[in-house]
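Shown next, in structure tokens, is the structure this report addresses.
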Amino acid sequence: MPGFELFGAQEKAQVQDVLDNGVLMRYGFDSMRNGHWKAKELEKALAARMQTKYAQLVSSGTSALTVALVSAGVGAGDEVIMPTFTFVATFESILAVGAIPILVDIDDTLTLNPDAVKKAITPKTKVVMPVHMCGSMADMGALKAICDEHQLLLLEDACQAIGGSYNGKPLGSIGDLGCFSFDYVKTITCGEGGAIITNTETYYKNADHYSDHGHDHVGNDRGAETHPFLGYNFRISELNAAVGCAQINRLDEFIALQEKHYTILRKVLSDIPEITFRRVPDGGVENYSFLNFFLPTEELTRKVHKALGESQIDACFYWFDNNWHYYRKWGHLFQQKSLGRLPKDVLEGIPDYTKEDFSKSDHWMARNISCLVKLGWTEKEVHGRAAKMAGIIRQIVNP
């Protein structure tokens, strides 16, 4: 995924412009900044690229999810449906607003299973949060229909999938709100940063205010601004936004490289009968940041993953055992381990996940290997990598 692989003159020029101007904060200091507003510039470019009316930059993808939830009025005791395969930031953001994360199974898309979502809906459900993991999307048509039927918010966590699309619409723009991460290892990066996109003015204004201590941002005197409601500090800096201003203009360049390398790898691995690939919903286009495939059994998958590592084939992940991305290692969530006391609504409402059955998710994750697609490979390196991977896999599945 990392845009940092191709840092160059554009990024350096944008950062230097901020340093030369001398204003590193995104708000205020109007008379000093000489019309330079990097965060605003990136918000405008992002909204245009995502085909939405509004974009709000924040300090991280986790902040984006948190701000998106609270901006839509999600709070204490509300239930938010999320997948068993994601990054821990998903449930962290839900807990941060006092809501309850409701885990449900994934399917062969490696994202939310719409049938599992239907079964998880209760009178307390407020949001369905699909997570477009590893560059590909959930079945957004089915999930949108469910949300429309039950009058639920659809919030897309597109932190790993910027540049992908569904039925011609950019991922993140399909639901009521969409979130992106621009951390150091995302497709495009600000070093640290995130964003919320939406077509709903109320959500946008709420996000704008909430992410800056509740400031209403009316006028050009920051000290005289009013505070319509409580907020917190989730601001991005001008330096981080400056990097993003360069990177957003390179998104298509990065996606094209990822697609080229992904296609080479997939074509070679497609010749192995024992391999099947992650399902991309009809109408969906990945951002090609990962190639995900399944093997027939967990035993074979573990052997292949181990052999790839031993053969110095890097960036191949077995998420089934991962500490951060799959529910099996989320003991801190299941046991509600927190430095401070969690809200009563959470403690009383969260399911006992030690007794939940997620075997349908295990069916897919235990047999999945996820291969990062790098930008910096040469075409020769990609072909060599593909041939080496195929040889290792064939040797193990047909000893």
Side-chain angles (χ1 to χ4, degrees), residues 1-3 5-6 85 106-111 132-139 160-168 171 185-188 250-298 300-320 364-399:
M1 291 190 289
E5 289 186 83
L6 298 181
F85 177 43
I106 59 168
D107 57 22
D108 56 344
T109 65
L110 299 180
T111 66
H132 305 317
M133 285 295 287
C134 300
S136 190
M137 73 294 305
D139 187 341
Q160 289 194 4
I162 191 169
S165 64
Y166 180 81
N167 286 341
L171 295 181
V185 290
K186 292 301 186 290
T187 302
I188 58 173
R250 305 184 71 186
L251 177 57
D252 290 335
E253 172 194 349
F254 295 166
I255 298 297
L257 275 172
Q258 287 180 170
E259 182 181 8
K260 178 182 177 182
H261 298 163
Y262 172 106
T263 302
I264 292 169
L265 290 170
R266 177 157 178 157
K267 183 179 181 187
V268 172
L269 297 185
S270 294
D271 291 334
I272 302 174
E274 291 81 6
I275 283 180
T276 56
F277 294 94
R278 154 195 220 166
R279 178 172 63 87
V280 177
D282 290 343
V285 178
E286 299 179 73
N287 80 348
Y288 307 105
S289 53
F290 286 84
L291 176 64
N292 285 274
F293 61 87
F294 304 108
L295 290 162
T297 67
E298 176 183 341
L300 281 175
T301 307
R302 288 184 177 277
K303 287 181 178 179
V304 167
H305 181 255
K306 182 180 179 182
L308 290 172
E310 290 174 346
S311 298
Q312 308 302 310
I313 302 291
D314 68 335
C316 292
F317 301 98
Y318 186 58
W319 302 119
F320 192 62
W364 298 108
M365 293 307 299
R367 301 183 300 110
N368 171 253
I369 291 177
S370 184
C371 301
L372 180 68
V373 178
K374 293 186 179 182
L375 302 175
W377 290 330
T378 66
E379 188 169 341
K380 181 179 179 181
E381 287 172 333
V382 182
H383 280 289
R385 181 183 181 89
K388 191 173 181 180
M389 287 177 66
I392 291 167
I393 294 169
R394 285 194 175 95
Q395 188 175 15
I396 290 173
V397 298
N398 290 302

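Applying the salt bridge (Lys or Arg N to Asp or Glu O under 4.0 Å) test to pairs two or more places apart or on separate chains, those with a residue in residues 367-377 are D314-K374. Within the structure, salt bridge (Lys or Arg N to Asp or Glu O under 4.0 Å) contacts touching residues 259-270 (residues at least two apart or in different chains) are K260-E379. Applying the ring pair (Phe, Tyr, Trp, His ring centres under 6.0 Å) test to residues at least two apart or on different chains, the pairs with a partner in residues 366-396 are H261-W377.
Closest non-hydrogen pair, L251 versus I188, comes out as CD1-CG2, 3.9 Å. The heavy-atom pair separating G135 from S289 by the smallest distance is CA-OG, 3.5 Å. Scanning both residues, C316 and H305, for their nearest heavy atoms gives O-NE2, 2.9 Å. Of all heavy-atom pairs spanning L375 and P2, the tightest one is CD1-O, 3.3 Å. For the residue pair M137 and T111, the shortest heavy atom distance occurs at O-OG1, 3.7 Å. Closest of all the heavy-atom pairs between G376 and E5 is N-OE1, 3.1 Å.
Relative orientation of the F85 and W319 rings is tilted, given thresholds of 30° and 60° on the angle between their planes.
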Determine whether F317 and L372 satisfy the following criterion, side chain to side chain contact (heavy atoms under 4.5 Å, CB included), listing intermediate values before the conclusion. CA-CA 8 Å; F317 301 98; L372 180 68; 4.1 Å; yes

Take F294 and L110, measure what side chain to side chain contact (heavy atoms under 4.5 Å, CB included) needs, and give me the verdict at the end. CA-CA 11 Å; F294 304 108; L110 299 180; 3.9 Å; yes

Audit row: R394, D271, side chain to side chain contact (heavy atoms under 4.5 Å, CB included) steps and yes/no: CA-CA 10 Å; R394 285 194 175 95; D271 291 334; 3.6 Å; yes

Could you walk me through whether K388 and I313 pass the side chain to side chain contact (heavy atoms under 4.5 Å, CB included) test, one step at a time? CA-CA 8 Å; K388 191 173 181 180; I313 302 291; 3.5 Å; yes

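The closest donor-acceptor contact from the side chain of Y318 to the backbone of S370 lies at 3.5 Å or more, if one exists at all. In this structure, R250 contributes its side chain and L6 its backbone to a donor-acceptor pair below 3.5 Å.
E253 CD: more than 12 foreign heavy atoms inside a 6.0 Å radius.
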Throw together a table of side-chain donor-acceptor distances under 3.5 angstrom for residues 273-282, partners on residues two or more places apart or in other chains.
| from | atom 1 | to | atom 2 | distance (Å) |
| --- | --- | --- | --- | --- |
| E274 | OE2 | N398 | ND2 | 3.3 |
| R278 | NE | T109 | O | 2.8 |
| R278 | NH1 | M133 | O | 3.1 |
| R278 | NH1 | C134 | O | 3.4 |
| R278 | NH2 | T109 | O | 3.0 |
| R278 | NH2 | M133 | O | 2.7 |
| R279 | NE | D108 | OD1 | 3.0 |
| R279 | NE | D108 | OD2 | 3.2 |
| R279 | NH2 | D108 | OD1 | 3.2 |

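In this structure, the separation between CG on L171 and NE2 on H132 is 5.0 Å, given to the nearest 0.5 Å. A distance of 9.5 Å separates CD1 in I392 from CD in E310, rounded to the nearest 0.5 Å. Interatomic distance, SG of C371 versus CZ of R385, reported as 6.5 Å (0.5 Å rounding). The distance from the CG atom of D107 to the CH2 atom of W364 is 7.5 Å, given to the nearest 0.5 Å. Atom CD1 of I369 sits about 4.0 Å away from atom CZ of F293, to the nearest 0.5 Å.
Partners of V268 according to the side-chain contact (heavy atoms from CB on, under 4.5 Å) rule, which considers only residues two or more places apart in sequence or in another chain, are A386, A390. Residues forming a ring-ring contact (aromatic ring centres under 6.0 Å, His included) with F254 (at least two apart in sequence, or on another chain): none.
Looking at R302 and E298, a side-chain N of the basic residue comes within less than 4.0 Å of a carboxylate O on the acidic one, giving a salt bridge.
Counting heavy atoms from C-beta on, the side chains of T187 and Q258 come closer than 4.5 Å. Here the side chains of L269 and L291 are in contact, with some heavy-atom distance below 4.5 Å.
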